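As structure tokens, the structure follows; a few thoughts come after it.
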Amino acid sequence: MDDQDKGKIALRIALIAETELASVVTVLLEKLQQDVQNRADIYCVLEKVLQQDTGGLERRLLNKIITLASNHMRETQEATNELKLAVSNTLVTLARCYFHEVMCELQCHLKTLDEFIFITLGNLSSAYGMLKQAIIKALGPMMSLLLHKEEHHDRVFELISWVLEQYKEDIDVFHITKSLSQLLKVSFENKIPLPKRKFQAICSALHNQICSQAKPLSTENHAELLDCVVLGFLVTSFVRYGKNKSSVVSEDVICSLAARSSPDDLIAFLHSQLEIENEAVRVASLNLLSAIVGADLPETRVKKFLIVKAVKSTLSDQNAKVRKAVLHFIRRLLSSGSVENCAAWDMVAYVFREFSVSTSKLAIQEESTIQTLCIDILQCLDTSVSGMTQVLWPRLLEYVVPAQYTGTLKPLCRCLRELAEKKQQEGEEAACLDYSGRVKLPTPQGLLARLLVVASSPYEREGYGYAALQLLKALHHIIHAAVDEMWVVKIPPLLQYIEVRENSGELKLGFWALTFPSPG
């Protein structure tokens, strides 16, 4: 028969099925099992029958259709492309009333990597858009499986474009991000590079999601987005430039790329975003860089200098949200495994600058929050972090004397005491200060006067005096060599007295008697 006659017969059978659906479907299923040669034509008739309302189809017939169709689609040796396409179209039509049943069957066979399984999923997404959510959930595992075989890479890259387009639709974007995250994870763990353009498209889409103010992100989706970008940072280590962008590189090349550490594209992209004078864009970019630094992976450690350089482009921004985002980045940076060779001092100096700026604006709620955040960063400073001593010593001494930094003295004194003790352990020469350098260090006399004034009021400002006394004891080698023996005797009793009396309610004049004994 020609196609026109086949179409007429299919329409006549479909007309009969309007009143005899179960009987017609039963006959067609029997024919599918008996007539191997004409299966493609029989499926076309079945598709026409299923285009009507089949909501009342018996469960046994529904299961039989799905099972037969699934088997015939996966019989790769016997089945022709014509048959597979006919089966695929039948399943898409059946999904109009039985979407979840069809999806479950397809998902069960994703691992077969059969092309027509994916064609069917693609047709389902086109035919039933308010149902995209279920399809997107299946795409993550599907693309991850396809990525393992080079011959399927082009199809994966096509699917990436479709997935990214779904961010524009009015659906829950969490599963879109989850699918991309699964793909990037497989790309990284199996050292399978993505083409540069596709990777940049993913970066842009993720960044736009975080920056978007149209719809607030759920906590779950925000966390997934940050994880996705960190994975993306790692994946850039394996991007290969060349004519065959989808080719899989050898293990030797991968190791070489990782050794050279080439995830510069993502940093460059975020750097370019930070240069845009837009609050949402800058805050989002800073949050992403915080997540990358916070991961503290080998690939990120060697790139901290570039990351800090990118963040420095925002240090003059006076927007309160941007300033807070910078401070959150600094906290993550300073608590990471190492701060060597990454210009970390500029970040520490920024904390003190922001504290000083906020001091005169404490009536504004956001400024009070910024100042609290500055103190929190200084309190959390861990001087044992690799490279921290070289970053902080002796430059922290710059902030002891100026009055505008008085509010930072407690954590500042604690850090300086720990650093001074470390330097003394290294030897007398290491503990000495170089007053001829570029650092504007306070004089020994200035340090002594400032710390004595603070220590003389030990019950004010929650422990400032105690911290000042501890620092005085640690800095004996800087103040004057002659004070060492006297301070070893005098300062410990003072510290003990404060500890015992601080909350006792006794007269506090006793401290003055210890500090300044009467002539008699």
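Computed from a predicted model, the values in this text were never measured in an experiment. Worth knowing before you read on, the calculation uses all heavy atoms, side chains too, and leaves out hydrogens, waters and symmetry mates.
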Let me see the working for Arg282 and Lys321 under side-chain contact (heavy atoms from CB on, under 4.5 Å), right down to the final yes or no. CA-CA 9 Å; Arg282 282 189 166 177; Lys321 290 184 179 178; over 6 Å; no

Spell out, as yes or no, whether a donor-acceptor pair under 3.5 Å connects the side chain of [X] to the backbone of [Y].
| X | Y | result |
| --- | --- | --- |
| Ser313 | Lys309 | no |
| Gln166 | Trp162 | yes |
| Ser70 | Ile66 | no |
| Arg395 | Val391 | yes |
| Gln318 | Ser316 | yes |
| Ser285 | Val281 | yes |
| His153 | Leu147 | yes |
| Asp376 | Thr372 | no |

Between Asn319 and Glu279, is any side-chain donor less than 3.5 angstrom from a side-chain acceptor?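 Asn319 vs Glu279: donor-acceptor pair found between side chains.
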
May I ask you to check whether over 12 heavy atoms, not counting those of [X], lie within 6.0 Å of atom [atom1]?
| X | atom1 | value |
| --- | --- | --- |
| Glu82 | CD | no |
| Gln379 | CD | yes |
| Lys31 | NZ | no |

Minimum heavy-atom separation for [X] and [Y], please, with both atom names.
| X | Y | result |
| --- | --- | --- |
| Cys415 | Thr383 | O-CG2, 4.0 Å |
| Gln33 | Arg39 | O-NH2, 4.1 Å |
| Ala40 | Ala86 | O-CB, 3.7 Å |
| Leu91 | Ala69 | CD2-CB, 3.8 Å |
| Ala17 | Val49 | CB-CG1, 3.7 Å |
| Leu28 | Ile42 | O-CG2, 3.8 Å |

Working to the nearest 0.5 Å, report the span between [atom1] of [X] and [atom2] of [Y].
| X | Y | atom1 | atom2 | result |
| --- | --- | --- | --- | --- |
| Gln34 | Leu29 | CD | CG | 11.0 Å |
| Leu286 | Gln273 | CG | CD | 11.5 Å |
| Thr359 | Ile370 | OG1 | CD1 | 11.5 Å |
| Ile65 | Arg60 | CD1 | CZ | 10.5 Å |
| His175 | Gln182 | NE2 | CD | 10.5 Å |
| Leu15 | Glu20 | CG | CD | 11.5 Å |

Can you find a pair of side-chain heavy atoms, one from [X] and one from [Y], that are under 4.5 Å apart?
| X | Y | value |
| --- | --- | --- |
| Arg331 | Leu373 | yes |
| Asn89 | Tyr43 | no |
| Leu11 | Lys48 | yes |
| Leu183 | Val156 | yes |
| Leu289 | Leu274 | yes |
| Ile202 | Ile160 | yes |
| Ser335 | Asp382 | no |
| Gln371 | Lys361 | no |

Could you give me the CA-CA distance, side-chain angles and deciding distance for Val92 and Val102, then say whether side-chain contact (heavy atoms from CB on, under 4.5 Å) is met? CA-CA 8 Å; Val92 171; Val102 173; over 6 Å; no

Taking only distance into account, with no hydrogens and no angle test, what donor-acceptor pairs under 3.5 Å do side-chain atoms of residues 338-356 form with protein atoms, sequence neighbours excluded?
unit_1 : atom_1 : unit_2 : atom_2 : d
Ser338 : OG     : Glu340 : N      : 3.3
Glu340 : OE1    : Ser386 : OG     : 3.2
Asp346 : OD2    : Lys312 : NZ     : 2.8
Arg353 : NH2    : Leu315 : O      : 2.5
Glu354 : OE1    : Arg323 : NE     : 2.5
Glu354 : OE1    : Arg323 : NH2    : 3.0

Evaluate Asp154 against Phe157 for side-chain contact (heavy atoms from CB on, under 4.5 Å), listing each step before the verdict. CA-CA 5 Å; Asp154 288 342; Phe157 304 146; 4.2 Å; yes

Is there a side-chain contact (heavy atoms from CB on, under 4.5 Å) between Ile13 and Val24 once you walk through the steps? CA-CA 8 Å; Ile13 295 175; Val24 171; 3.6 Å; yes

Do the side chains of Lys64 and Glu58 get close enough for a salt bridge, i.e. N-O under 4.0 angstrom?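 The answer is no: the pair does not qualify as a salt bridge.
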
